[in-house]
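Structure record follows, encoded as C-alpha cells.
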There are 2 protein chains.
Amino acid sequence: MTDIDKIDRKILSILQADGRIANVELAERIGLSPTSIGERLKRLQRDGFVEGYGARLNPHRLGLGLLVFVEVMLDKTTPDVFERFAKAVQTAPEVLECHMVAGGFDYLVKARVADMTAYRRFLGESLLALPGVRETRTYAVMEEVKRDAPLPVG
Amino acid sequence: MTDIDKIDRKILSILQADGRIANVELAERIGLSPTSIGERLKRLQRDGFVEGYGARLNPHRLGLGLLVFVEVMLDKTTPDVFERFAKAVQTAPEVLECHMVAGGFDYLVKARVADMTAYRRFLGESLLALPGVRETRTYAVMEEVKRDAPLPVG
DNA sequence: TTATTGGCCGGATAAATGACTGATATTGAC
DNA sequence: GTCAATATCAGTCATTTATCCGGCCAATAA
C-alpha cells in the first residue's frame with residue numbers, strides 16, 4: 001500500500017519525463033512485460049503516487065513572459081484573514097503557487113503574467129485588494145535557471 | 001506559426017488538466033472531429049506551445065514532505081560565480097526550481113526534501129558547499145495553499 | 001471566374017489498450 | 001522442506017485509439 005520498489009520508481013521517473021508513453025514501450029524500456037507494468041501503474045495510481053497527467057506548456061509562447069515571486073505579510077487582527085486570503089488566491093489565475101511559510105513573512109506567491117504592466121494590475125487589483133494584506137515584496141525573475149524539474153524518485 | 005485561436009486555447013487548457021486524454025474524447029469535448037484536433041495538437045507541439053507531457057506525482061507519498069524556499073546571496077568577487085552556481089543547481093536533484101531574481105538577493109531556490117534533517121544535509125553539503133555562496137535564508141513551507149496550478153491559457 | 005489555400009470531415013488501417021486466462025517463478029512464513 | 005501468497009509472464013480477444021488519405025467547403029487572391 002505504501003511501499004514502493006525500484007521498478008516502481010523507474011516507472012514514475014519515466015512517466016514524469018514522458019507522461020504519454022505507451023505501456024508497451026514503458027515495459028520494454030524497463031524490461032518487464034506490459035501486463036506487469038500495467039498492473040504496477042494501476043496500483044501506483046490507486047495508491048495516490050500518481051495524481052494525474054498534464055501537458056507541459058511553454059509560458060513564454062503563451063504570452064506569459066514575466067515570472068514573479070511575491071512575499072505577502074498579513075494583518076493578524078481579524079481571525080479569518082488567512083482563510084480569506086487562501087481562498088482568494090485559489091481563484092486568481094495568475095497565481096501558480098501559494099505557500100504559507102515560517103519566517104519573515106506569511107505567504108509566498110508565485111505568479112505568471114504577461115509583463116510589468118500586467119503585474120502592476122494584478123498586484124493592485126488582486127493582491128492588494130484583499131483585506132488583511134499589510135505589505136508585499138515583489139521579486140521579478142530575470143532568468144529561470146531551473147524550471148519544472150522532476151521530483152527525485154530514484 | 002505564432003497565433004493561436006480560441007479552440008487551440010481550449011485544447012491546451014484541457015491537456016493541462018488531463019494530459020492523457022484520448023484524442024476522440026478531446027475532440028467531442030470541444031466539438032470538432034478527432035482529425036482536426038489531431039492536426040491542431042500536432043501544430044501546437046511543433047510550434048513549441050506544448051513542450052511535453054508528464055505525470056503529476058504526489059511528493060508526500062514519495063517521502064518528500066518538506067518544501068523549502070531558499071534565498072541565496074552570492075559573492076560577486078569572482079566573475080564566474082553565477083555560471084558555476086547555475087550549473088551546480090542543475091545537478092542537484094532536490095532543487096526543483098531556481099530563479100535569478102532582481103531585488104534583495106540573487107537566487108531563489110525551491111527544493112523538496114524528506115524532512116528537516118535532510119534539509120540540513122542538503123544545505124550544508126550542496127548549497128553552502130558551492131563556492132561564492134555568501135548567505136542563505138531559508139523559508140520552510142508550513143502549508144501548500146496552491147500547488148501546480150495550470151497556466152492561464154483561456 | 002478560377003485557382004489556391006487552409007481548415008474540417010469521414011473512412012480505413014494498423015497499433016495500442018484493457019480484461020481476462022492459466023502457467024510459472026519467487027518470496028516469506030511456518 | 002512445505003505451503004501459501006504474490007508477482008510475473010505469455011497469450012487471446014474485443015474495443016479503442018492514432019494516423020494517414022482523399023474529398024469537401026469556404027475564404028482569399030489572381
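Within every chain, numbering begins at 1; the chains are lettered A, B, ... in the order of the sequence lines, protein sequences first and strands thereafter. Keep in mind that what you see is a predicted model, and the values were worked out from it rather than measured.
Between the CG atom of A/Leu26 and the P atom of C/dA15 there is a distance of 20 Å, rounded to whole Å. Atom CZ of A/Arg46 and atom C1' of C/dG18 are 16 Å apart (whole Å). For the pair B/Ile7 CD1 and C/dG7 C1', the interatomic distance rounds to 10 Å; values are reported in whole Å. Taking atom CD1 on B/Ile37 and atom P on C/dG7, their separation rounds to 13 Å, with Å as the unit. If you measure from atom CD1 of B/Ile30 to atom P of C/dC9, you get 11 Å, rounded to the nearest angstrom. A/Glu39 places its CD atom 11 Å from the C1' atom of C/dC20, with the value rounded to the nearest Å. The CD1-P distance, from B/Ile11 to C/dG7, rounds to 12 Å in whole Å. Atoms CG (B/Asp8) and P (C/dG6) sit 15 Å apart, rounded to a whole Å.
Qualifying ring pair (Phe, Tyr, Trp, His ring centres under 6.0 Å) partners for B/Phe85, counting only residues two or more places apart in sequence or in other chains: B/Tyr107. Applying the ring pair (Phe, Tyr, Trp, His ring centres under 6.0 Å) rule to A/Phe105 yields the partners B/Tyr139; only residues at least two apart in sequence or on another chain are considered. Residues satisfying the side chain to side chain donor-acceptor pair (under 3.5 Å) criterion with A/Glu71, sequence neighbours excluded, are A/Arg137. The ring pair (Phe, Tyr, Trp, His ring centres under 6.0 Å) search around A/Phe69 returns B/His99, not counting sequence neighbours.
Taking the side chain as every heavy atom from C-beta outward, B/Asn58 and A/Phe49 never approach each other to under 4.5 Å. B/Leu151 has its side chain within reach of B/Gln16: a pair of non-hydrogen atoms, C-beta onward, lies under 4.5 Å apart.
In this structure, B/Arg147 places its CZ atom where more than 12 heavy-atom neighbours from other residues, nucleotides or ligands lie under 6.0 Å away. Around NZ of B/Lys76, the count of heavy atoms belonging to other residues, nucleotides or ligands within 6.0 Å exceeds 12.
When the side-chain nitrogen and oxygen atoms of B/Arg43 are compared with OP1 and OP2 of C/dG7, none of them lie within a distance under 4.0 Å. Within the 4.0 Å cut-off from OP1 or OP2 of C/dG7, not a single side-chain nitrogen or oxygen of B/Ser36 is found.
Of the N and O atoms on the side chains of B/Gln45 and B/Tyr53, at least one donor lies less than 3.5 Å from an acceptor on the other residue.
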I'd like a list of close polar pairs between nucleotides 13-19 of chain D and the protein, N/O only, cut-off under 3.5 Å.
{"from": "D/dA18", "atom 1": "OP1", "to": "B/Asn23", "atom 2": "N", "distance (Å)": "3.2"}
{"from": "D/dA18", "atom 1": "OP2", "to": "B/Asn23", "atom 2": "N", "distance (Å)": "2.7"}

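Annotation: the terminal axes of the helix from C/dT1-D/dA30 to C/dC30-D/dG1 meet at 40°, where each axis is the rotation carrying the C1' atoms of four end pairs onto the next four (5 pairs per end, rounded to 10°).
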